[in-house]
Amino acid sequence: MAGESISNEEDDEKRSRSSAFCWWRTVKEFQELVKPDLDHALLNLTPILRLLRELERLALVADEGLDELRHKLITYRSGDFWLPAGGISKADMDVPPVITILLVGLSGSGKSSLVNLMYSVLGRSGLIPFAQTSRGSSNYTTMFLEEHNVLRSMRSGFCVYDSRGVDLNRMREGLEEISSWMSDGVRHYQPCSRTEDNPATIPQIGCQLSSARFTPRSVNCAVLVVNLAETAGAFKKGDLKPLQAIRDLFRCPAIRKSNENPLLILTHGDLLSAEERIDGRLKLCEYLGVPEGTGAYDIPCLTEQGILPEESDPVTSYALTEAIYRVLIQSDRTHLPTRKPQDWLLIVWSGIMCSIAAFFASLAYFFSKFGPRKRH
């Protein structure tokens with residue numbers, strides 16, 4: 001009897017623990033998902049049922065799959081997920097020593113909180129904050145690009161860059177800044193000063209010189225971080241400004257390194273009810289034109305108790321790990337062949353021919369404009 005009592009208590013504890021992080025099971029549509037005859041109507045699933053199926057998949061594989069997937073990230077080296085294509089071998093590909101992931105999003109979207117969660121889940125750092133967040137401090141904003149080795153390993157094959165959020169009222173400047181990071185690369189401790197900044201907060205020359213000593217990184221993949229709580233509120237109020245800003249970021253040509261859409265990570269969903277959380281995600285995915293299940297990951301950076309989930313929430317931990325895994329796969333698809341001497345000669349020759357063509361075009365324009373004209 002005592003053994004059965006202990007067993008029942010353990011089962012009750014597991015059920016209560018499961019209901020704590022499987023928040024979507026409280027919505028009424030979930031009951032339709034567990035109907036016995038659902039298999040006969042899989043092709044006719046509504047968007048909300050497809051989303052619930054994806055969340056159930058994460059819950060099903062989280063406990064046993066987390067350690068295996070985390071091990072793949074720990075042992076990952078740049079180019080490990082590259083697949084042969086176009087008849088070119090891996091030796092002929094320009095694979096960087098470290099894959100660089102850039103987090104972008106609006107101000108207050110949760111990028112720094114996401115970095116801290118990565119340290120907790122992937123680097124086993126517990127509750128130690130490695131990136132300062134704006135939570136609880138409305139005046140704080142990231143003033144530097146920061147490189148984070150979230151695995152806390154000297155042999156890590158990837159790094160994550162935390163960037164400054166884009167201001168809703170200065171979208172053009174923010175998009176231009178992101179475009180420059182994607183094209184010119186990034187450095188650790190690189191200043192992110194803007195025209196509207198208070199002069200007292202702008203990084204000084206010494207900071208800019210110190211950032212030049214760090215290794216420049218070419219960005220391999222950008223991840224768009226969205227505050228789901230604020231987005232759901234915008235949909236509810238009919239406020240299109242933040243929604244259009246998110247769409248501009250999502251469609252920014254600079255952050256598309258391949259034909260695939262940027263991965264969406266939705267944060268702060270734990271501030272909403274289960275129904276609001278589901279509805280906000282469905283509306284955002286429809287607005288952006290991405291699959292509601294596989295196009296985004298709902299990753300709350302803090303639990304209701306105000307602590308990082310880590311092992312207390314295996315679903316969130318697994319979702320984050322799978323998101324990084326997918327980003328690395330996407331990054332390894334963007335590698336280009338190494339340029340050979342004949343390629344450089346062709347580029348130089350093309351430049352010379354373009355210069356000659358431009359010279360003769362200028363001459364033709366000059367003589368047609370200022371040359372003598374025949375009188376009829």
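From His188, atom NE2 reaches atom OG1 of Thr215 across 11.0 Å, with rounding to the nearest 0.5 Å. Once rounded to the nearest 0.5 Å, the distance linking NE2 of His148 with OG of Ser156 reads 13.0 Å. For the atom pair Tyr287 OH and Phe235 CZ, the distance stands at 7.0 Å (nearest 0.5 Å). Taking CG of Leu224 as the start and CZ of Arg247 as the end, the distance is 13.5 Å to the nearest 0.5 Å.
Classification of Arg57 and Glu322 as a salt-bridged pair holds, one side-chain N sitting under 4.0 Å from a carboxylate O. Contact check on Arg25 versus Glu56 returns a salt bridge, with a Lys/Arg side-chain nitrogen under 4.0 Å from an Asp/Glu carboxylate oxygen. Contact check on Arg333 versus Glu260 returns a salt bridge, with a Lys/Arg side-chain nitrogen under 4.0 Å from an Asp/Glu carboxylate oxygen.
Under the 6.0 Å distance and 45° angle rule, Arg281 does not count as a cation-pi partner of Tyr297.
Shown here is Glu286, whose CD atom has no more than 12 heavy atoms of other residues, nucleotides or ligands within 6.0 Å.
The salt bridge (Lys or Arg N to Asp or Glu O under 4.0 Å) analysis of residues 216-243, with sequence neighbours excluded, yields the pairs Glu147-Arg217. Sorted by first then second residue, the side-chain hydrogen bond (donor to acceptor under 3.5 Å, both in side chains) pairs that include residues 74-87, not counting sequence neighbours, are Tyr76-Asp332.
In terms of modelled atom types and a separation under 3.5 Å, the side chain of Thr316 and the main chain of Ile299 share no donor-acceptor contact. Under the 3.5 Å distance criterion, the side-chain polar atoms of Asn116 are left unmatched by any main-chain donor or acceptor of Ser120.
The same ILVMFWY cluster, assembled from side-chain heavy atoms under 4.5 Å apart, contains both Leu122 and Val327.
Taking the side chain as every heavy atom from C-beta outward, Asp94 and His335 never approach each other to under 4.5 Å.
In this structure, the side-chain contact (heavy atoms from CB on, under 4.5 Å) partners of Ser179, at least two apart in sequence or on a different chain, are Cys252, Ala254.
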